[in-house]
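Each remark here refers to the structure printed beneath this line.
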Amino acid sequence: MQVQQNYSLKKYNTFGVEASAKYFGAFTTIDDLQLLLKEYSEQSTLVLGGGSNLLFTKNYDGLVLKNEIRGINTVHEDEDHIYVKVGAGEIWHQFVMHCIKNNFSGVENLSLIPGNIGASPMQNIGAYGVEIKDVFHSLEAFHLQEQRILNFTLNDCGFGYRDSVFKKRYKDQFAILTVTFRLNKKPQYNISYGAIKEELEKMGVKDLSIQSISQAVINIRQNKLPDPNVIGNAGSFFKNPEISNEKFQILNSKFKNIVGYKLDNGNVKLTAAWLIEQCGWKGFRRGDAGCHEKHALVLVNYGNASGKDIFDLSKEIKQSVKEKFDVELEREVNII
Ligand SMILES: Cc1cc2nc3c(=O)[nH]c(=O)nc-3n(C[C@H](O)[C@H](O)[C@H](O)COP(=O)(O)OP(=O)(O)OC[C@H]3O[C@@H](n4cnc5c(N)ncnc54)[C@H](O)[C@@H]3O)c2cc1C
């Protein structure tokens, strides 16, 4: 277990921005983690996964802890479900592929989301009508200050849209060590969302399976989303904002094409991409920081943008959406 000093994090964030960690250490066991925390007890800490949902706006003046706890193990089984416990350092998509291979259903719609298992509960990752809360059973997390392991059940996690207690109340307090998922033995297909149906037709699929759904999602994502290996980004930069129905009616009278989806609680969810596009940001570029030409919600680094360049751009976007629509955009990406 080697600790590096003034270590470049450029390779460790999908925006590909330059920033360094005062100290950088990887851990594969809880013992290693405890040793690191003991040795660097004066330092502030940042737990890092795949770096696909954060933006470094400056160097990190503390200890970056790269979580590399591995292992994918079936721990329990009943008539309908399989329980799989996964180390936080496993790559999310590899776990999805493990489930597809073994016919464990529930995560096929979440194929190809970048990042690691440990970060998946942080913002209750979701795509194509499924969120991890739908397959979540429990997790083990290490309290960094109190130095003890706690178990969190579904109710404890406070999952919401791209949200959990780990992003709010317990922000920066825990290192998630393992996550246990409850997967279905009998598949319950969910193909109503997005372009999955069309893609399945294009693929000529007659008999639905989790394999074909996963492949359809992979095809759509590969065609649709900018690949961080080609152009630095962290996926959607902002969340889709939720507003009251009254406010939506007012906006709708002024902006006839405004896109909104009615929620069960009576509120309306707006698409942040539409709001941003209406403010003229789509395809905008200043230096190497920009707003993707096809996806207004995705901020990008064309090469040498700094985290601050991208953050400043996000501030301007937020401000213009506020001025034009009186709607507050919330960043989905974690700003460091
Ligand atoms: C091209 C692209 C497409 C994307 N599409 C989607 C999508 O469809 N749906 C979606 O929900 N997200 C999407 N994302 C965002 C991202 O993939 C997810 O949020 C992912 O879960 C982040 O994982 P990570 O390991 O990279 O986390 P990191 O970026 O490393 O960390 C994110 C946050 O979690 C904390 N953290 C990480 N690991 C741990 C741990 N073990 N314990 C405690 N805290 C931890 C970090 O400190 C940080 O605050 C996309 C990103 C990209 C680049």
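All values reported here derive from a predicted model rather than from experimental measurement. Both counts, for ligands and for their atoms, begin at 1 and track the order of listing. Counting begins at 1 with the first residue of the sequence.
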| Leu48 reachable from Ile69 in the ILVMFWY side-chain graph, under 4.5 Å edges | no
| field | Closest protein heavy atom to atom 31 (O) of ligand 1, given as residue, atom name and distance to 0.1 Å | value | Leu54 CD2, 3.9 Å
| note | Looking only at non-hydrogen atoms, the one of Gly235, Ala175, Ser52 nearest atom 15 (C) of ligand 1 is Ser52
| Protein contact of atom 34 (O) of ligand 1 - nearest heavy atom, named by residue and atom, plus distance | Met122 CG, 3.5 Å
| said: Among Lys171, His295, Gln123, which one puts a heavy atom closest to atom 10 (C) of ligand 1? | reply: Gln123
| Are any of the N/O atoms in Gly50 less than 3.5 Å from those in ligand 1? | yes
| Relative to each other, are the rings of Trp274 and Phe255 parallel, tilted or perpendicular (30° and 60° limits)? | perpendicular
| said: Show the nearest heavy-atom pair for residues Ala234 and Val333, with the distance to one decimal. | reply: CB-CG2, 3.9 Å
| task | Would you mind reporting whether Phe284 and Ile317 have side-chain heavy atoms less than 4.5 Å apart? | result | no
| note | For atom 43 (C) of ligand 1, the closest protein heavy atom turns out to be Phe174 O, 3.3 Å
| query | So is Asn53 polar-close to ligand 1, meaning N/O to N/O under 3.5 Å? | reply | yes
| said: Less than 4.0 angstrom from a charged side-chain N to a carboxylate O is my criterion; do Lys224 and Glu199 meet it? | reply: no
| field | Phe95 and Trp92 aromatic ring geometry - parallel, tilted or perpendicular at 30°/60° bounds | value | perpendicular
| said: Return the closest protein heavy atom for atom 33 (C) of ligand 1 as residue, atom name and distance. | reply: Asn334 ND2, 3.4 Å
| request: Check if Arg221 has a non-hydrogen atom at a distance under 4.0 Å from any atom of ligand 1. | output: yes
| request: For the pair Arg286 and Asp309, evaluate salt bridge (charged side-chain N to carboxylate O under 4.0 Å, His left out) and give the outcome as yes or no after the intermediate values. | output: CA-CA 9 Å; Arg286 184 188 295 128; Asp309 294 337; over 6 Å; no
| note | Here the pair of heavy atoms bringing Thr14 nearest to Ser52 is OG1-CA, 3.3 Å
| said: Can you tell whether the side chains of Asp80 and Lys185 come within less than 4.0 Å, N to carboxylate O? | reply: no
| field | Close approach of Arg162 to ligand 1, heavy atoms, under 4.0 angstrom | value | yes
| Looking only at protein heavy atoms, which one is nearest to atom 21 (O) of ligand 1, and how far off is it? | Ile125 CG2, 3.2 Å
| query | Which is closest to atom 13 (C) of ligand 1 in terms of heavy atoms, Ile113, Ile91, Leu112? | reply | Ile113
| Do the side chains of Glu140 and Asn151 get nearer than 4.5 Å, heavy atoms only? | yes
| query | Quick check: does Pro228 get an N/O under 3.5 Å from an N/O on ligand 1? | reply | no
| Salt bridge flag under 4.0 Å for residues Lys318 and Glu330 | no
| task | For ligand 1, find out whether one of its N or O atoms is nearer than 3.5 Å to an N or O atom of Asn233. | result | no
| query | Against heavy atoms of Val47, which atoms of ligand 1 measure under 4.0 Å? | reply | 35 (C), 36 (N), 37 (C), 39 (C), 40 (C), 41 (N), 42 (N), 46 (C), 47 (O)
| By number and element, which atoms of ligand 1 are closer than 4.0 Å to a non-hydrogen atom of Ala127? | 8 (O)
| message | Using a plain distance cutoff, I'd like to know if Gly115 has any nitrogen or oxygen under 3.5 Å from a nitrogen or oxygen of ligand 1. | response | no
| Is it true that Glu242 and Lys269 make a salt bridge, defined as a side-chain N closer than 4.0 Å to a carboxylate O? | no
| Counting from 1, what ligand 1 atoms have a heavy atom of Leu46 closer than 4.0 Å? | 47 (O)
| message | Quick check: Pro114 and ligand 1, any N/O pair under 3.5 Å apart? | response | yes
| task | On the 0 to 90° scale, with breaks at 30° and 60°, tag the Phe24-Tyr12 ring pair as parallel, tilted or perpendicular. | result | tilted
| note | among protein heavy atoms, the one nearest atom 42 (N) of ligand 1 is Ile176 N, 2.7 Å
| query | Which residue from Gly51, Ala119, Gly126, Ser120 reaches closest to atom 11 (O) of ligand 1 through any of its heavy atoms? | reply | Gly126
